[in-house]
Amino acid sequence: MLPIISWSQSYVGTVSNYPIHLELSSYPHDNDSTSGELEGYYFYDSKLISIPLRGRYNDESITLIDGYYFSPDRVSDADEVFQLTKNGNQLIGHLTLKEETYYVILTETEEEPLEEFRNPKLTFIKDSIVNYKDKQLVWFHEKYSKLPLFRLGNGFSKEQRTVFNPILDAIHLEDAKDNLDCNSWFEISYDINLVDSKFISYLKYYSVYCGGAHPSHGNIAYNFNLETLEVIEKIESLFPKVDFFQKLKPNMIIRKLIYRKNAKPLLTTAIGNTKHGI
């Protein structure tokens with residue numbers, strides 16, 4: 001009989017001869033504590049790329065499929081299907097991967113798969129150097145996620161490298177972890193807008209899907225002040241005497257006027273649509 005697990009449980013084991021880590025969180029049904037919904041992920045220790053899992057359990061078995069949604073009619077079409085049974089502190093069964101079937105044995109562990117096993121293995125590897133006059137940006141990629149990002153190289157002072165390279169390390173590491181968590185749809189690109197004696201300014205574009213109704217799209221600007229050794233969070237810090245609202249206000253008014261000129265009168269449109277059945 002499968003016990004009620006009202007918290008996350010981690011497992012280590014193998015799919016055939018391939019070592020994996022797996023973590024599951026359970027949500028027991030209100031009217032039947034011996035059954036419920038499952039969500040989690042697993043990754044191969046050689047790849048570290050999380051594969052999302054969703055499924056169900058009862059007092060006899062566990063069924064998991066790859067992806068962010070589960071329903072019984074999706075099992076036959078899923079690319080990956082775990083069929084497992086609980087035996088003490090182990091899960092035993094098989095994984096059907098497309099048309100191949102592999103034996104699975106997993107054992108409960110207190111090791112946290114991401115923080116204690118995966119994340120310490122993430123490594124930056126040097127790729128290339130790009131020159132901006134007398135300054136160099138040194139590009140690296142993270143070994144498992146393959147995501148790139150630069151560091152400050154020759155032409156920057158020791159102080160500048162000491163301050164900003166750890167910041168870039170942290171940004172790169174978080175992006176790499178996000179990529180490994182949401183690898184099925186994770187895109188990042190960069191525009192280097194400015195590299196001179198005073199500033200570094202670059203823009204990061206991202207498109208990510210990690211479950212939910214919609215993917216996430218957007219961009220993030222990063223600006224480093226090489227003279228004060230600070231990350232610029234707001235443009236007002238560079239121009240404290242400038243009232244940016246007043247500067248932008250004429251453009252905002254013009255945009256409103258253009259919108260009003262081009263917009264259709266909503267009331268007339270609604271009446272017309274009702275009348276003509278459009």
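We're numbering straight along the sequence, starting at 1.
A pairwise comparison of heavy atoms in Pro120 and Leu114 identifies CD-O, 4.2 Å as the closest pair. Of all the heavy atoms in Ser50 and Pro52, the pair that sits closest is O-CD, 3.8 Å. Annotation for Lys135 and Ser197: closest pair CE-CA, 3.8 Å, computed over non-hydrogen atoms. The minimum heavy-atom distance between Arg161 and Pro166, with the atom names listed, is O-CD, 3.6 Å. Across all non-hydrogen atoms, the minimal contact from Leu194 to Asp196 is CD1-OD2, 3.7 Å. Glu174 and Lys177 get closest at one heavy-atom pair: OE2-NZ, 2.8 Å.
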For Gln9 and Asn89, what are the C-alpha separation, side-chain angles and deciding distance, and is it a side chain to side chain contact (heavy atoms under 4.5 Å, CB included)? CA-CA 10 Å; Gln9 177 61 57; Asn89 68 339; over 6 Å; no
Residue pair Lys198, Leu226: steps toward the side chain to side chain contact (heavy atoms under 4.5 Å, CB included) verdict: CA-CA 5 Å; Lys198 295 183 178 181; Leu226 298 174; 5.7 Å; no
Checking Glu23 against Glu112 for the side chain to side chain contact (heavy atoms under 4.5 Å, CB included) test, could you report, in this order, the C-alpha distance in whole Å, the side-chain angles of both residues, the deciding distance, and whether it holds? CA-CA 9 Å; Glu23 183 168 284; Glu112 210 290 322; 3.7 Å; yes
Taking it one step at a time, do Glu111 and His21 satisfy side chain to side chain contact (heavy atoms under 4.5 Å, CB included)? CA-CA 10 Å; Glu111 181 183 46; His21 279 70; 2.9 Å; yes
If you apply the rule side-chain hydrogen bond (donor to acceptor under 3.5 Å, both in side chains), what do you find for Thr228 with Glu230, and how did you get there? CA-CA 5 Å; Thr228 64; Glu230 295 176 326; 3.2 Å; yes
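The residue from Phe150, Phe164, Tyr132 that alone fulfils the ring-ring contact (aromatic ring centres under 6.0 Å, His included) condition with Tyr202 is Phe150. For the ring-ring contact (aromatic ring centres under 6.0 Å, His included) with Phe82, the lone residue among Tyr42, Tyr11, Tyr41 that qualifies is Tyr42.
With hydrogens and angles disregarded, a donor-acceptor distance shorter than 3.5 Å links the side chain of His172 to the backbone of Leu147. With Asp134 contributing its side chain and Gly155 its backbone, the two residues share no donor-acceptor pair below 3.5 Å. Listed for the Gln136 side chain is no donor-acceptor partner under 3.5 Å among the backbone atoms of Gly153. Thr85 places a side-chain N or O within 3.5 Å of a backbone atom of Ile92 that can act as its donor or acceptor partner. A donor-acceptor pair is defined here as one N or O able to donate and one able to accept, closer than 3.5 Å; such a pair exists between the side chain of Glu142 and the backbone of Thr123. Using modelled atom types, no side-chain atom of Tyr18 and backbone atom of Ser46 make a donor-acceptor pair closer than 3.5 Å. No donor-acceptor pair under 3.5 Å is formed between the side chain of Gln90 and the backbone N or O of Asn87.
Annotation: Asp32, atom CG; neighbour count of heavy atoms from other residues, nucleotides and ligands within 6.0 Å is above 12.
In this model, no donor atom of one side chain and acceptor atom of the other lie less than 3.5 Å apart for Thr96 and Glu80. Side-chain atoms of Tyr205 and Asp191 include a donor-acceptor pair closer than 3.5 Å.
Scored by the ring pair (Phe, Tyr, Trp, His ring centres under 6.0 Å) test, His141 finds no partners at all (sequence neighbours excluded).
The shortest distance between side-chain heavy atoms of Phe156 and Val195 falls below 4.5 Å. Between Thr162 and Leu229, every side-chain heavy-atom pair lies at or beyond the 4.5 Å cut-off. Side-chain contact check for Gln160 versus Phe224: every heavy-atom pair is 4.5 Å or farther apart. For the pair Ile188/Asp178, no side-chain contact is recorded, criterion being any heavy-atom separation below 4.5 Å from C-beta on. Put simply, the side chain of Pro113 reaches to within 4.5 Å of the side chain of Phe43, judged on heavy atoms. Within the 4.5 Å cutoff, the side chain of Leu48 has heavy atoms near those of the Leu122 side chain. Contact of the Lys204 side chain with the Ile171 side chain is registered, since non-hydrogen atoms from C-beta on lie closer than 4.5 Å. In this structure, Arg56 and Val75 have side chains that are not in contact, with every pair of non-hydrogen atoms separated by 4.5 Å or more.
Under a hydrophobic clustering in which Ile, Leu, Val, Met, Phe, Trp and Tyr are joined whenever their side-chain heavy atoms come within less than 4.5 Å, directly or via other members, Val81 and Ile20 fall into different clusters. By the rule that hydrophobic residues join a cluster once side-chain heavy atoms approach within less than 4.5 Å of another member, Val138 and Leu173 end up as members of one cluster. Under a hydrophobic clustering in which Ile, Leu, Val, Met, Phe, Trp and Tyr are joined whenever their side-chain heavy atoms come within less than 4.5 Å, directly or via other members, Val163 and Phe199 fall into different clusters. In the hydrophobic cluster analysis, where Ile, Leu, Val, Met, Phe, Trp and Tyr join through side-chain heavy atoms closer than 4.5 angstrom, Tyr190 is grouped apart from Ile232. Put simply, Ile51 and Leu95 are part of the same group of oily side chains (I, L, V, M, F, W, Y) that touch within less than 4.5 Å, one to the next.
Residue Tyr69 is found in a hydrophobic cluster whose other members, listed by chain and number, are Tyr68, Trp185, Tyr209; membership requires side-chain heavy atoms under 4.5 Å apart, directly or through intermediates.
Here ring-ring contact (aromatic ring centres under 6.0 Å, His included) pairs that include residues 86-110, with residues two or more places apart or in two chains, number zero.
Salt bridge status for Lys86 with Glu108: present, with a side-chain N to carboxylate O gap under 4.0 Å.
The CG atom of Asp66 sits 7.5 Å away from the CG atom of Leu53 when rounded to the nearest 0.5 Å. The structure places OG of Ser216 at 10.0 Å from CZ of Phe186, a figure rounded to the nearest 0.5 Å. In this structure, OH in Tyr44 is found 10.5 Å from OG1 in Thr14, a value given to the nearest 0.5 Å. Here the straight-line distance linking atom CG of Leu152 with atom OG of Ser157 works out to 8.5 Å at 0.5 Å rounding. In this structure, CG in Leu203 is found 9.0 Å from CG in Asn223, a value given to the nearest 0.5 Å. Atom CD1 in Ile49 sits 12.0 Å away from atom SG in Cys182 (nearest 0.5 Å).
Relative to the ring axis of Phe140, Arg151 places its NZ or CZ within 45° and under 6.0 Å from the centre. The side-chain tip of Lys121 points at the ring of Phe117 from less than 6.0 angstrom away and within 45° of straight on.
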